[in-house]
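Residues: numbered from 1 along the sequence shown.
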Amino acid sequence: MIIGNFAAWNIQSILIRVVVSAVLGGLIGLDRGMKHRGAGTKTITVVCLGATLVMLTEQYIQINFPGLANMNRLAAQVISGVGFIGVGTIIISKHRVRGLTTAATLWASACVGLAVGIGFIEGGILITAMMLLSLHVLPYVERFATRHSRYCNVFVDLEESRDLHTIIQNLKEADVVIDSMDMSESRIAGEGISVHMVLYMKKTVGRTEVYEIITKSDKVMSVDFL
């Protein structure tokens, strides 16, 4: 162990594990709470502490009831069970999926709690640090990559499916390549269709030009870029 052996079963080790779990969960939750996400400080701290208690209970059973011990069973239930909590934070709105990062953070926080609960405090601290670093740095990397990407996702709502042919033809004439395309029933008009297209744009064509090409047709009800 780098910073000490916290796997021993004594009151000092138990207290340290519980306190570290609360601190790490609080740090992760505080980061999410400041961004006004679905799961904030209280939620993630409680999840982390609950996972820690599970591993402490596992160790208690192993020490006091050796014949009943199974160090993997309860931990596996926590990992799968927290997934159901995360599902409640995921929302699909206007072709966008929101809450996936919050759900993943909840799940990872439970894993941090499990690690700390069994005494692997170094692993919990390291993963917490990497999680916070990822949550702060990766959005900038993603925005930079998106700005310089020639691909774009477009959702188009049309009054009728036959109007799609004109849009496809206009895009081809502007040297915009349709990488993939999916169609479904429009959420705006029951008789219309919603088309999701992944477009590859040349250097000379930007999103503004693509928007103008698509909206040439008076049958287009809405255009949404991701």
Side-chain angles (χ1 to χ4, degrees), residues 1-93 96-142:
M1 296 291 180
I2 299 175
I3 60 176
N5 181 14
F6 300 100
W9 186 255
N10 54 57
I11 189 63
Q12 293 86 357
S13 174
I14 294 172
L15 284 174
I16 290 173
R17 284 187 249 178
V18 171
V19 171
V20 171
S21 176
V23 171
L24 297 181
L27 286 173
I28 298 171
L30 185 63
D31 177 76
R32 305 304 293 165
M34 288 189 299
K35 298 176 182 178
H36 303 286
R37 304 306 184 190
T41 308
K42 292 182 290 184
T43 302
I44 293 182
T45 301
V46 169
V47 168
C48 198
L49 284 171
T52 298
L53 177 60
V54 167
M55 293 310 290
L56 287 171
T57 304
E58 287 272 23
Q59 190 173 6
Y60 176 85
I61 294 173
Q62 186 182 47
I63 293 172
N64 294 278
F65 308 97
L68 301 177
N70 185 346
M71 295 298 287
N72 298 323
R73 182 169 56 84
L74 288 179
Q77 295 301 318
V78 170
I79 292 174
S80 61
V82 172
F84 288 98
I85 300 176
V87 169
T89 67
I90 300 173
I91 301 172
I92 300 176
S93 175
R96 287 177 169 83
V97 180
R98 303 181 186 276
L100 279 176
T101 302
T102 299
T105 303
L106 277 170
W107 183 86
S109 300
C111 295
V112 168
L114 292 174
V116 173
I118 202 61
F120 186 31
I121 290 181
E122 295 93 335
I125 294 174
L126 179 61
I127 293 303
T128 299
M130 292 304 297
M131 283 175 60
L132 293 175
L133 183 65
S134 299
L135 290 171
H136 282 274
V137 174
L138 290 182
Y140 295 101
V141 176
E142 188 175 18

Taking all heavy atoms of [X] and all of [Y], pick out the closest pair and write down the distance.
{"X": "Val54", "Y": "Ala75", "answer": "CG1-N, 4.2 Å"}
{"X": "Ile79", "Y": "Cys111", "answer": "CG1-SG, 4.4 Å"}
{"X": "Leu49", "Y": "Val18", "answer": "CD2-O, 3.6 Å"}
{"X": "Ser21", "Y": "Gly113", "answer": "OG-CA, 4.4 Å"}
{"X": "Met131", "Y": "Ser109", "answer": "CE-OG, 4.3 Å"}
{"X": "Ile28", "Y": "Leu132", "answer": "CA-CD2, 4.1 Å"}

Pairs satisfying side chain to side chain donor-acceptor pair (under 3.5 Å), at least one member in residues 7-16, at least two apart: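 Listed by first then second residue: Ser13-Arg17.
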Heavy-atom donor-acceptor pair, Gln59 side chain to Ala7 backbone, under 3.5 Å: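 Side chain of Gln59 to backbone of Ala7, a donor-acceptor pair under 3.5 Å: yes, one is there.
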Side chain to side chain contact (heavy atoms under 4.5 Å, CB included) partners of Leu135, counting only residues at least two apart: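 Once residues adjacent in sequence are excluded, the partners of Leu135 under the side chain to side chain contact (heavy atoms under 4.5 Å, CB included) criterion are Asp31, Arg32, Lys35, Thr101, Thr105.
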Calculate, to the nearest 0.5 Å, the distance between atoms [atom1] and [atom2] belonging to [X] and [Y] respectively.
{"X": "Thr45", "Y": "Leu27", "atom1": "OG1", "atom2": "CG", "result": "8.5 Å"}
{"X": "Thr128", "Y": "Met130", "atom1": "OG1", "atom2": "CE", "result": "11.5 Å"}
{"X": "Leu56", "Y": "Leu114", "atom1": "CG", "atom2": "CG", "result": "10.5 Å"}

Test applied, side-chain contact (heavy atoms from CB on, under 4.5 Å); reference residue, Val116; option that passes from Val23, Val20, Ile16: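 Of the listed residues Val23, Val20, Ile16, the side-chain contact (heavy atoms from CB on, under 4.5 Å) partner of Val116 is Val20.
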Candidate list Asn64, Ile63, Thr57, test side-chain contact (heavy atoms from CB on, under 4.5 Å), partner Ile61, passing option: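 Testing each of Asn64, Ile63, Thr57 against Ile61, the sole residue satisfying side-chain contact (heavy atoms from CB on, under 4.5 Å) is Thr57.
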